[in-house]
Amino acid sequence: MSLYSEKVMDHFTNPRNVGEIPDADGVGEVGNVKCGDIMKFFLKIKENRIEDVKFQTFGCGAAIATSSIATEMVKGKSLEEAMTLTNREVVEALGGLPAPKIHCSVLAEEALKAAIQNYYERNNIPYDKSLFPNCAECETCRMV
Amino acid sequence: MKIYADNAATTKMSETAFNAMLPYLKEHYGNPSSLHTPGQQAAEALQTAREIVADAIGCTPREVLFTSGGSESDNQAILTAAKLGKKKGKKHIISTAFEHHAVLHALQKLEKEEGFELTLLDVHENGLIDPAQVADAIREDTCLVTIMYANNEIGTVQPIAEIGAICHDKNVLFHTDAVQVVGHLPIDVVSDNIDLLSLSGHKFHGPKGVGALYVRKGIPIATLIEGGAQERGKRAGTENMPAIVGMAATLEESMNRLTENIQKISALRDQLIRGLSTIEHAALNGDPEKRLPGNVSFCFEGIEGEALLLLLNAKGIYASSGSACTSGSLDPSHVLLAIGRSHEIAHGSLRLSLSEENTEEEVDYMIKEIPKVVDQLRMMSPVWVSKVRGEKDFIL
């Protein structure tokens with residue numbers, strides 16, 4: 001099928017970093033089953049760096065591919081660097097996505113940020129709340 | 001292996017259709033409205049095609065109107081009934097929540113623009129209408145009951161003759177979208193008490209872009225297209241001769257093999273349903289007995305349909321799904337929601353629609369490969385994982 005680029009199909013059929021980290025330092029889950037996409041990111045943080053990252057995704061091919069490539073893009077990065085990841089970069093790295101699938105890349109960015117936020121919360125590290133998505137207000141998903 | 005299991009979407013055109021069409025794409029190019037020999041040759045072929053279609057559904061040739069396909073037929077049927085109703089001050093229409101969009105959207109347009117009132121009947125978990133629902137819903141001002149003969153997604157076949165009898169008893173026009181049924185199951189518009197019926201050529205190995213509308217004698221037909229006198233002035237535009245001839249030829253063949261095909265395809269369907277039923281937390285959609293010979297429709301908990309289709313595609317299995325991602329909106333199939341599937345479950349749907357060209361080997365291959373793909377997606381699904389761990393409840 002030519003709905004997706006080769007890069008998307010590669011990440012969808014051979015997803016990188018799929019699974020979970022049992023003793024994760026930060027876990028973030030975004031999306032909902034009603035709209036058909038849920039992404040869950042697990043982070044292992046060491047000295048402010050993403051030492052390991054894994055994901056689980058319920059969703060379409062684009063949702064799985066964006067999760068996969070996003071984990072690749074932030075692995076080894078400092079939390080500050082990871083926070084600069086945008087959905088646009090995810091789309092570009094995948095060689096583009098069909099317009100109705102752009103929201104999948106937004107979810108990937110938000111799942112990562114939710115996991116970082118969870119890490120900050122767990123460790124009482126002060127952070128700028130305005131940098132993080134508020135799932136309750138996200139229209140992309142047209143929440144339940 | 002390459003397995004085409006999406007015959008409800010469209011079928012492969014038969015050799016019979018192709019061979020019948022060829023002369024009409026080449027040497028027989030006459031316009032059936034012309035008086036000269038090539039024109040009259042075409043007019044005869046058109047008449048023969050009309051007789052074949054009439055024979056297949058048990059009506060007279062004069063009651064068959066050629067159209068561009070199922071959607072046009074549905075629209076013309078509904079408009080015909082609506083115009084008649086409006087004249088008599090009857091502006092209530094009964095249908096179901098899981099009709100094809102060609103019916104639903106045409107009805108919604110009448111509701112919005114013409115002030116018609118709609119009653120959409122509940123189709124229950126098994127996807128079947130109880131004729132008593134129709135009897136209860138008919139009012140003094142009901143001008144039309146339109147209920148699909150069989151559903152394109154979940155395959156349920158309605159008790160059409162009983163519904164038609166109730167409509168006739170109450171003097172209400174009855175239309176049925178039989179796009180999934182013609183050429184696949186026996187139909188007799190007289191004993192089925194049908195006033196208007198839509199059919200489409202490419203659903204039974206004919207070409208695309210051609211269909212027909214049956215209109216019972218005596219019902220004044222409303223026009224969608226104004227123009228010449230083709231189709232007795234009810235459908236203007238020079239007839240699509242190659243397509244009409246091809247559709248008729250393959251329909252005749254399908255009707256000759258009807259019993260044999262039903263037996264063969266139903267056996268494959270049941271084999272496939274049995275095989276896929278071994279997948280845990282999955283459910284068959286639609287009634288197990290009253291369903292189209294070729295329809296297999298499942299929901300698999302914890303996964304999303306588009307991802308499933310892509311992985312099956314990579315294995316050479318061509319199927320379809322009613323997930324939101326495949327419907328082009330954020331909502332999954334209205335059919336699956338109508339039978340009470342939750343959004344979550346409806347996203348994980350898979351439809352395999354078989355034809356007589358499918359084989360037992362293909363069904364075995366699908367039974368072997370589909371569970372693997374379902375498993376593969378479940379393993380990476382946070383929804384599935386949380387259910388397996390008991391953090392969330394299984395629905396199926």
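Hydrogens, waters and symmetry mates are skipped; everything else that's a heavy atom, side chains included, is used. In what follows, chains carry the letters A, B, and so on, assigned in the order in which the sequence lines appear, proteins first and then strands, with residues in each chain numbered from 1.
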Subject >> Under 4.5 Å from any heavy atom of chain B - which part of A:A62 >> reply: backbone
Original post:
For the candidates B:R378, B:R389, B:M379, which exhibits the highest count of non-hydrogen atom pairs separated by less than 4.5 Å from chain A?
Top reply: B:R389
**OP:** Please say whether more than 12 non-hydrogen atoms of neighbouring residues, nucleotides or ligands are located less than 6.0 Å from CD in B:E111.
**Re:** yes
Subject >> Structural part of B:I303 lying under 4.5 Å from a heavy atom of chain A >> reply: backbone
Subject >> Heavy-atom side-chain proximity of A:F58 to B:L377 below 4.5 angstrom >> reply: no
**OP:** For residues A:G59 and B:A307, report the shortest heavy-atom separation together with the two atoms involved.
**Re:** O-CB, 3.4 Å
Original post:
Atom OG in B:S386, atom CD in A:Q56: separation rounded to 0.5 Å?
Top reply: 8.5 Å
**OP:** Let me know if A:I38 has heavy atoms under 4.5 Å from chain B in its side chain, its backbone, both or neither.
**Re:** both
Original post:
Counting only heavy atoms not in B:K372, do more than 12 fall under 6.0 Å of its NZ?
Top reply: yes
Original post:
Is the CZ atom of B:F18 crowded by more than 12 outside heavy atoms at less than 6.0 Å?
Top reply: no
Original post:
Heavy atoms under 4.5 Å from chain B: which residues of residues 13-20 of chain A carry them?
Top reply: A:T13, A:P15, A:V18, A:E20
Original post:
If you count the non-hydrogen atoms of other residues, nucleotides and ligands that lie under 6.0 Å from CZ in A:R122, is the total more than 12?
Top reply: yes
**OP:** Check the surroundings of atom CD in A:E6: do more than 12 heavy atoms from other residues, nucleotides or ligands lie under 6.0 Å from it?
**Re:** no
Subject >> Polar side-chain atom of B:E306 near backbone of A:G61 as donor-acceptor pair, under 3.5 Å >> reply: yes
Original post:
Crowded around B:Q108 CD? As in, over 12 foreign heavy atoms under 6.0 Å?
Top reply: yes
Original post:
With a cut-off of 6.0 Å (strictly less than), are more than 12 heavy atoms of other residues, nucleotides or ligands near CD of B:E360?
Top reply: no
**OP:** Answer yes or no: are there more than 12 heavy-atom neighbours, outside A:N123 itself, under 6.0 Å from its atom CG?
**Re:** yes
Original post:
How many angstroms lie between CG in B:D331 and NZ in A:K34, if you round to the nearest 0.5 Å?
Top reply: 7.0 Å
**OP:** For a side-chain contact (heavy atoms from CB on, under 4.5 Å) with B:V383, tell me which candidate from A:V33, A:N32, A:T57 qualifies.
**Re:** A:V33
